[in-house]
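Predicted model, so just to flag it, every value in this text is computed and none were measured. When a residue number appears, it is its place in the shown sequence, counting from 1.
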Amino acid sequence: GTLAERLAAARHVLTHSWRPAAVLLSPGRVSVDLQGPAADITAPDGFTPASEPSDPTGLGLVDVGVPARALAKLVATVEARGLPYLAQAGVGTCRVGVNSVDDVRVLHTTALSLEGHAVVIDGPDDFRDRGWGDPPVGAAIMSRIKHAFDPGGILPAPPATSPSRP
């Protein structure tokens with residue numbers, strides 16, 4: 001079905017009595033992972049048993065996290081670019097297969113605009129120029145806390161602060 005139909009089906013499963021372990025969105029598909037003894041598992045109406053969805057592939061992989069309420073906007077952007085993905089409805093995480101630096105840039109920009117983050121987890125070096133994205137908002141505070149607990153500098157340093165973020 002369409003993205004809107006798949007999102008509606010995902011919302012329906014998440015808000016009714018099935019208690020899924022996961023509701024996964026991928027291009028053209030909604031998958032519901034039900035856990036438990038086989039005798040106790042009944043597929044929601046309109047769903048049929050199927051194999052697990054495939055992990056996305058590409059020259060690289062990016063993990064994107066956004067607030068769950070923003071996942072539909074993220075997935076719409078990913079689908080508009082024709083990228084393979086596997087998203088967790090109700091959680092706000094999405095693994096995306098990317099093929100260019102521009103794909104990575106669009107995912108970073110989209111994630112930040114939705115109050116999220118994007119991390120390059122695999123791919124060529126040019127995908128990783130900003131592989132971890134911008135430092136988190138609390139990086140300066142994390143650094144001070146780390147120094148208070150680790151004045152000798154034994155533990156790794158937190159992310160560097162960025163002038164573009166407080």
Completion exercise
Sorted by chain and number, sequence neighbours left out, side-chain hydrogen bond (donor to acceptor under 3.5 Å, both in side chains) with Thr110 holds for none

Problem - All side-chain hydrogen bond (donor to acceptor under 3.5 Å, both in side chains) counterparts of Thr93, not counting sequence neighbours - result: Gln88

Problem - CA sep, side-chain torsions, deciding dist, call: Arg11, Arg6, side chain to side chain contact (heavy atoms under 4.5 Å, CB included) - result: CA-CA 9 Å; Arg11 266 191 304 280; Arg6 288 181 281 131; over 6 Å; no

Handout entry: Side-chain donor/acceptor of Arg29 to backbone N/O of Gly1, under 3.5 Å
Key = no

Problem - Glu79 (side chain) donor-acceptor with Ala76 (main chain) under 3.5 angstrom - result: no

Handout entry: Verdict with reasoning, Val106 to Thr109, per side chain to side chain contact (heavy atoms under 4.5 Å, CB included)
Key = CA-CA 5 Å; Val106 168; Thr109 302; 5.8 Å; no

If you compare all heavy atoms of [X] against all heavy atoms of [Y], which two are closest, and at what distance to 0.1 Å?
| X | Y | result |
| --- | --- | --- |
| Leu25 | Tyr85 | O-CE1, 3.4 Å |
| Ser26 | Pro53 | OG-CB, 4.2 Å |
| Leu83 | Gly97 | CD2-O, 3.5 Å |
| Leu74 | Cys94 | CD2-CB, 3.8 Å |

Exercise for the section: Could I get the full list of salt bridge (Lys or Arg N to Asp or Glu O under 4.0 Å) partners for Asp122, not counting sequence neighbours? Expected result: Arg128

Completion exercise
Sequence neighbours excluded, the answer for salt bridge (Lys or Arg N to Asp or Glu O under 4.0 Å) partners of Asp150 is Lys146

Name the atoms and distances for all side-chain donor-acceptor pairs under 3.5 Å in residues 60-68, with sequence neighbours left out.
unit_1: Asp63; atom_1: OD1; unit_2: Arg95; atom_2: NE; d: 2.7
unit_1: Asp63; atom_1: OD1; unit_2: Arg95; atom_2: NH2; d: 3.3
unit_1: Asp63; atom_1: OD2; unit_2: Arg95; atom_2: NH2; d: 2.9

Completion exercise
side-chain contact (heavy atoms from CB on, under 4.5 Å) filter on Ser100, not counting sequence neighbours, yields Asp102, Asp103

